[in-house]
Structures are given as structure tokens and as C-alpha cells.
Enquirer: 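Let me begin by handing over the structure; questions about it come next.
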Amino acid sequence: MRRPLNAAHRGLMRLAPVHRHAHREPGGMGMSSVWYDRLSGRLLGGLYRRAATETATVPAGGAVLDIGTGPGHLLLAAARRRPDLALHGLDIAPSMVRRARHKAAAQGLDDRVSVHLGDAAHLPLEDRTMDLVVTTLSMHHWDDVPGAIGEVARVLRPGGRFVVYDFRSVTATLPTGAVATAPQFAGAAVEHDLVRAFAWIPFRPFARLAVRLSAD
């Protein structure tokens with residue numbers, strides 16, 4: 001069962017017209033992918049820029065997976081910064097996948113940006129192929145967090161990183177517990193810090209969690 005919409009997504013829904021098909025597809029956000037793209041880009045642009053900056057630290061020629069990529073904000077920002085990276089996005093909503101693919105093609109980035117339809121617990125990628133797996137404001141929707149963490153560990157190369165940007169309450173519970181019990185991340189140090197995404201809000205509603213897979 002899909003988790004209830006959080007406060008930020010409820011706010012986006014109040015600002016946009018309800019799309020009559022948005023609730024029928026998996027991952028539907030209650031509005032069209034075009035409206036979600038416009039509003040999330042405006043309201044959450046700071047968070048995506050922060051995540052894109054971290055993505056840009058991947059080694060030369062590396063590969064990145066963005067789980068819950070939505071309309072592709074992070075993927076396209078990373079592609080513009082690092083033309084040498086192979087970038088993959090994954091989303092459960094067909095309309096978001098179409099939107100992200102359309103934007104990549106329109107910007108001439110579809111030769112190195114691939115967007116897949118699927119869910120976090122069943123990643124359509126080969127073992128040990130990603131240097132970084134990142135997710136922004138998506139994990140609170142995942143039905144099977146432990147299963148997804150296992151999949152993340154499977155596709156990461158030795159020494160690869162898993163980075164979560166989400167609400168503070170989410171990063172303090174869901175990924176922390178799942179990472180702690182995943183044998184692939186045994187003994188790994190977990191980074192956890194608060195993130196300020198809005199210049200006009202004095203407090204920090206989001207947090208970042210990062211963990212590195214053993215290089216062995």
C-alpha cells in the first residue's frame with residue numbers, strides 16, 4: 001500500500017489543478033506530470049541543486065541512479081554539470097517517466113540520460129554497475145524499504161555511495177534502520193545532517209543520509 005501524501009506534496013496539490021488520471025496510475029501525485037514538474041522545480045529547486053552538487057562528485061566516467069526521479073530535475077541538472085556521467089532515473093509513475101524522457105530529449109541529453117519505469121525494490125539494473133544511488137523526497141513513498149536497500153546494495157559498485165534526501169523524520173527512521181540491518185552495509189559509517197532547501201524558511205525541514213558500501 002502506498003504511504004499517505006506528506007505535507008509538502010499536499011501543498012503542491014493545493015496549488016495545482018487535479019488531473020483526473022493522476023490517482024489511477026502507480027505513483028500518481030494527484031496532478032499532471034507537467035504541473036508537478038513546474039511546481040516542484042520552483043518550490044524544491046534548492047534541494048535538487050544540493051543533490052546535483054553531490055552527484056557531481058562521482059568519479060570520472062561514473063554511473064548514477066536516481067530513484068524516484070519524477071520529472072527528472074536531478075538527472076538533468078547532473079547531466080549539464082557532468083557530461084561524462086551515465087545517468088539513470090527510475091520512477092513508478094508512467095507519466096513521470098514520459099515527462100523525464102521528454103525533457104531529456106528536448107535538452108539533447110537523452111544520449112546519456114536513461115529513465116526506467118519500475119519500483120525501488122526491483123531495480124532494472126545489473127549488479128555492481130552504479131557509483132552512486134541517490135533519492136530525493138521519494139523514500140517516504142516506498143512500500144518495501146528493506147527490500148529496496150538490498151537492491152541498492154546489489155547495484156552499487158564496491159565503494160559506491162547511497163544518499164537519501166528526505167524529510168527529517170524519514171531519514172531518522174526508515175533508511176537508518178534498513179541500512180543498519182542490511183548485511184551489505186555492515187560496519188559502514190552513516191552520515192546524517194540537516195539540509196536547508198529554502199532561503200525563505202529559517203528552519204531545515206529536510207535531512208541527508210549517506211552511507212558507503214565496502215570497497216572489498
Side-chain angles (χ1 to χ4, degrees), residues 8 27 33-34 36-93 95-120 123-126 128-139 141-142 148 151-166 171 175 191 193 195-199 206-213:
S33 59
V34 175
Y36 185 80
D37 184 10
R38 292 172 180 171
L39 292 176
S40 60
R42 288 178 179 273
L43 297 178
L44 302 171
L47 185 65
Y48 293 124
R49 286 191 294 273
R50 163 72 185 265
T53 298
E54 181 158 16
T55 301
T57 65
V58 170
V64 176
L65 170 63
D66 177 22
I67 300 179
T69 194
H73 294 302
L74 172 56
L75 280 182
L76 300 181
R80 289 189 291 269
R81 293 184 184 210
R82 289 287 304 276
D84 62 304
L85 297 181
L87 296 158
H88 295 262
L90 179 87
D91 206 280
I92 197 172
S95 65
M96 294 295 180
V97 170
R98 290 192 296 270
R99 180 66 178 171
R101 288 173 176 171
H102 169 77
K103 290 171 61 180
Q107 296 179 32
L109 300 172
D110 52 333
D111 59 330
R112 49 200 172 85
V113 172
S114 302
V115 187
H116 311 272
L117 179 66
D119 70 271
L123 299 178
L125 297 170
E126 298 294 327
R128 297 189 171 198
T129 52
M130 297 292 113
D131 295 285
L132 172 69
V133 176
V134 61
T135 180
T136 54
L137 295 180
S138 173
M139 180 172 276
H141 290 304
W142 297 0
E151 279 288 271
V152 168
R154 178 183 67 78
V155 303
L156 277 175
R157 290 174 176 147
R161 290 183 298 133
F162 176 42
V163 180
V164 178
Y165 288 90
D166 216 307
T171 59
E191 302 173 18
D193 50 275
V195 176
R196 183 176 180 181
F198 310 111
F206 304 117
R208 168 189 172 274
L209 178 145
V211 61
R212 186 180 295 274
L213 197 65

Enquirer: Going by the rule side chain to side chain donor-acceptor pair (under 3.5 Å), which residues pair with Thr136 if we only count those two or more places apart in sequence or in a different chain?
Expert: none

Enquirer: Please list, chain by chain and in numerical order, all residues satisfying salt bridge (Lys or Arg N to Asp or Glu O under 4.0 Å) with Glu151, sequence neighbours excluded.
Expert: Arg154

Enquirer: Sequence neighbours excluded, which residues qualify as salt bridge (Lys or Arg N to Asp or Glu O under 4.0 Å) partners of Arg212?
Expert: none

Enquirer: In Å, rounded to the nearest 0.5 Å, how long is the span from CG of Leu125 to CE of Met130?
Expert: 5.0 Å

Enquirer: List for me each residue that meets salt bridge (Lys or Arg N to Asp or Glu O under 4.0 Å) alongside Arg128, sequence neighbours excluded, and say none if there are none.
Expert: none

Enquirer: Does Asp131 have any salt bridge (Lys or Arg N to Asp or Glu O under 4.0 Å) partners at least two apart in sequence or in another chain, and if so, which?
Expert: Arg157

Enquirer: What's the shortest heavy-atom distance between Thr135 and Ile67, and which atoms?
Expert: OG1-O, 3.0 Å

Enquirer: List the atom of Leu90, the atom of Pro124, and the distance in Å for their closest heavy-atom pair.
Expert: CD1-CD, 3.6 Å

Enquirer: Could you check whether any side-chain heavy atom of Arg99 comes within less than 4.5 Å of a side-chain heavy atom of Val34, counting everything from C-beta outward?
Expert: yes

Enquirer: Using side chain to side chain contact (heavy atoms under 4.5 Å, CB included) as the criterion, list what pairs up with Asp111, not counting sequence neighbours.
Expert: none

Enquirer: First locate atom CG of Leu65, then atom CG of Leu75, and finally report the distance between them rounded to the nearest 0.5 Å.
Expert: 8.5 Å

Enquirer: Of all residues at least two apart in sequence or in a different chain, which pass the side chain to side chain donor-acceptor pair (under 3.5 Å) check with Ser138?
Expert: Trp142

Enquirer: Which residue pairs pass the salt bridge (charged side-chain N to carboxylate O under 4.0 Å, His left out) test with at least one member in residues 50-59, sequence neighbours excluded?
Expert: Arg50-Asp193, Glu54-Arg161, Glu54-Arg208

Enquirer: Any heavy-atom pair between the side chains of Leu132 and Val163 that's under 4.5 Å?
Expert: yes

Enquirer: Show me the donor-acceptor pairs within less than 3.5 Å that the side chains of residues 79-87 make with the rest of the protein, sequence neighbours left out.
Expert:
{"residue": "Arg80", "atom": "NH1", "partner": "Gln107", "partner atom": "OE1", "Å": "2.7"}
{"residue": "Arg81", "atom": "NH1", "partner": "Thr53", "partner atom": "OG1", "Å": "2.8"}
{"residue": "Arg82", "atom": "NE", "partner": "Asp84", "partner atom": "OD1", "Å": "2.8"}
{"residue": "Arg82", "atom": "NH1", "partner": "Ala56", "partner atom": "O", "Å": "2.5"}
{"residue": "Arg82", "atom": "NH1", "partner": "Val58", "partner atom": "O", "Å": "2.7"}
{"residue": "Arg82", "atom": "NH2", "partner": "Val58", "partner atom": "O", "Å": "3.0"}
{"residue": "Arg82", "atom": "NH2", "partner": "Pro59", "partner atom": "O", "Å": "3.3"}
{"residue": "Arg82", "atom": "NH2", "partner": "Asp84", "partner atom": "OD1", "Å": "3.4"}
{"residue": "Arg82", "atom": "NH2", "partner": "Asp84", "partner atom": "OD2", "Å": "2.7"}
{"residue": "Asp84", "atom": "OD2", "partner": "Gly61", "partner atom": "N", "Å": "2.8"}

Enquirer: Taking the six-membered ring for Trp, are His88 and His116 parallel (under 30°), tilted (30 to 60°) or perpendicular (over 60°)?
Expert: parallel

Enquirer: Of all residues at least two apart in sequence or in a different chain, which pass the side chain to side chain donor-acceptor pair (under 3.5 Å) check with His102?
Expert: none

Enquirer: Mind listing the closest non-hydrogen atom pair of Ala78 and Ala52 along with its distance?
Expert: N-CB, 4.4 Å

Enquirer: Would you say Leu213 and Phe162 make side-chain contact, with heavy atoms under 4.5 Å?
Expert: no

Enquirer: Calculate, to the nearest 0.5 Å, the distance between atoms OH and CG belonging to Tyr48 and Leu137 respectively.
Expert: 5.5 Å

